Q: 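Before I ask anything, let me first share the structure, which is written out below as structure tokens.
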Protein chains: 2
Amino acid sequence: MTNRSDTRRNLMDAALETLKSEGIKGTTARAIAATGDVNQALIFYHFGGVMDLLITAAVEDSRLRAERFRAHLEGVSELPELAEVARQLHEHDLEEGGVSAFTQLLAGTAGDPEMAKRLWDGFEPWIELVRSSLAGPLANTGFDKLLPVDDLAYSVVALFMGIELLDRLDPDRSPTEALFTTFTQLGGLLEGFLSPLRQQDA
Amino acid sequence: MTNRSDTRRNLMDAALETLKSEGIKGTTARAIAATGDVNQALIFYHFGGVMDLLITAAVEDSRLRAERFRAHLEGVSELPELAEVARQLHEHDLEEGGVSAFTQLLAGTAGDPEMAKRLWDGFEPWIELVRSSLAGPLANTGFDKLLPVDDLAYSVVALFMGIELLDRLDPDRSPTEALFTTFTQLGGLLEGFLSPLRQQDA
DNA sequence: GTCTATAACGAGATAGAC
DNA sequence: GTCTATCTCGTTATAGAC
């Protein structure tokens, strides 16, 4: 019944689940095995070590989520709408725990350049995703020449990371909801400013 | 020669140094003791436990750095200058490792609400600091009414956290220098827009 | 306050039967 | 591929001499 593929899948899921609930310090081989209800030794047989399993699982998960989210972003060409989609992503990810897992691994890979490199590879798609999302609203406004879209994309992703980080720490989660409302308003202001510029080239 | 105060100080310094170089997983009682060249048992005598020591040291350090930085920000009333100060803070902190230590502790306090609360207390001053720095340039522009300064401050701090996080992970640290140049340019653009508004009330 | 010594435990990892 | 059993090491933490 349980072929080799099932056990690998099971371990990867259990690894991320444990990472999100217990943190990097609590994510031991034994804890992962308990979560996935498999034998502890299989982690080393299939992945070679705990950290290898964690990175493998996190990178795959990150890529899949980025790909899945691409659909939501394509076709969005106005800034307030973009801010709204961003808010949904934030809320969804906050409960799903993607950024949280990422932060835990970021801490876990300290002093291990090879693991850090692998982690980065799983994260990069998000920057590319935001870059292509920003390209639309900025197209033909003149600002796409004036402000490097690459830098903006990097900043937006960094902003998201930071917000989710702080959101998890802040005892009274007050600011975040208001925050995205502000972003939407800000998007509206900018849109009113950019929109006429676009039409000059239409 | 070594009174009790010296040992506490020594341990707190050694704890942060170890945290920055070894990460949360490598920051054990023995490693800290070795860094500070003191006996391992003294950590438990003076602080009760490793995590207590780390939080105590990090919160004190964070508060002191925020206070020290306040002087650099006071008197800055134009956005490009603000961006420049921000760049300096980023560079300084990147090599000093304040945000890095914070991230490690963020990961370390996962699932421990009491420690998380203490960590947050050490972090809050930064948000307050940014809030008062933004208040100046936005004063009397009309935007201080339109856009909640609290949300902006929170966002700016989150952005910084995120940038430093990614900067440490990105294998080729390419974007960051360019990033702050972009911020300064952006500040210039906005300043040119806000400046005339301010003079209406002067 | 500081030291040595050690208890008590959990970690990663492996050998070898199945 | 999966299991049991175990080795070895490092961890927090404490007891007790100084």
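Numbers restart at 1 for each chain; the letters A, B, ... are given by sequence-line order, proteins then strands. All figures in this text were calculated on a predicted structure; none of them were measured in a lab.
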Q: Has the side chain of Gln104(A) got a donor or acceptor atom that lies under 3.5 Å from a matching backbone atom of Ile24(A)?
A: yes
Q: Phe180(A) vs Phe160(A) aromatic rings, parallel, tilted or perpendicular, using cut-offs 30° and 60°?
A: perpendicular
Q: In whole Å, I'd like the distance from the CD1 atom of Ile43(B) to the P atom of dT11(D).
A: 11 Å
Q: Rounding to an integer number of Å, can you tell me how far Gln40(B) CD sits from dT6(C) C1'?
A: 11 Å
Q: Can you tell me which nucleotide in dT2(C), dA13(C), dC3(D) comes closest to the side chain of Phe44(A)?
A: dA13(C)
Q: Contacts to DNA chain C from residues 29-39 of chain A, heavy-atom cutoff under 4.0 Å, which residues?
A: Ala29(A), Arg30(A)
Q: Is it the case that Arg87(A) and Thr181(A) place a side-chain donor and acceptor less than 3.5 Å from each other?
A: no
Q: Take atom CG of Leu42(B) and atom P of dA15(D), then tell me their distance rounded to the nearest Å.
A: 16 Å
Q: Decide yes or no on salt bridge (charged side-chain N to carboxylate O under 4.0 Å, His left out) for Glu67(A) and Arg70(A), but give the supporting numbers first.
A: CA-CA 5 Å; Glu67(A) 204 49 50; Arg70(A) 183 176 290 275; 3.7 Å; yes
Q: Could you work out which one of dG12(C), dT2(C), dG1(D) sits closest to the side chain of Tyr45(A)?
A: dG1(D)
Q: Nearest to the side chain of Ala41(B), heavy atoms from C-beta on, is which of dC3(C), dA15(C), dA13(C)?
A: dC3(C)
Q: Do Lys20(B) and Glu95(B) pass the salt bridge (charged side-chain N to carboxylate O under 4.0 Å, His left out) test, and can you show the C-alpha distance, the side-chain angles, and the key distance before you say yes or no?
A: CA-CA 10 Å; Lys20(B) 288 166 191 170; Glu95(B) 61 185 48; over 6 Å; no
Q: Does this structure show an ion pair linking Glu128(B) with Arg131(B), if we count only N-O contacts that are shorter than 4.0 Å?
A: yes
Q: Roughly, in whole Å, what's the span from NZ in Lys25(A) to P in dG12(C)?
A: 14 Å
Q: May I have the distance from Glu22(B) (atom CD) to dG10(D) (atom P), rounded to whole angstrom?
A: 14 Å
Q: Arg8(B) CZ to dT2(C) P: how many Å, rounded?
A: 11 Å
Q: Over how many whole Å does the gap from Asp52(A) atom CG to dA13(C) atom C1' extend?
A: 13 Å
Q: Using whole Å, what does the distance between atom P of nucleotide dA11(C) and atom CD1 of Ile24(A) come to?
A: 13 Å
Q: Tell me whether the side-chain N/O atoms of Thr28(B) come closer than 4.0 Å to OP1 or OP2 in dG10(D).
A: no
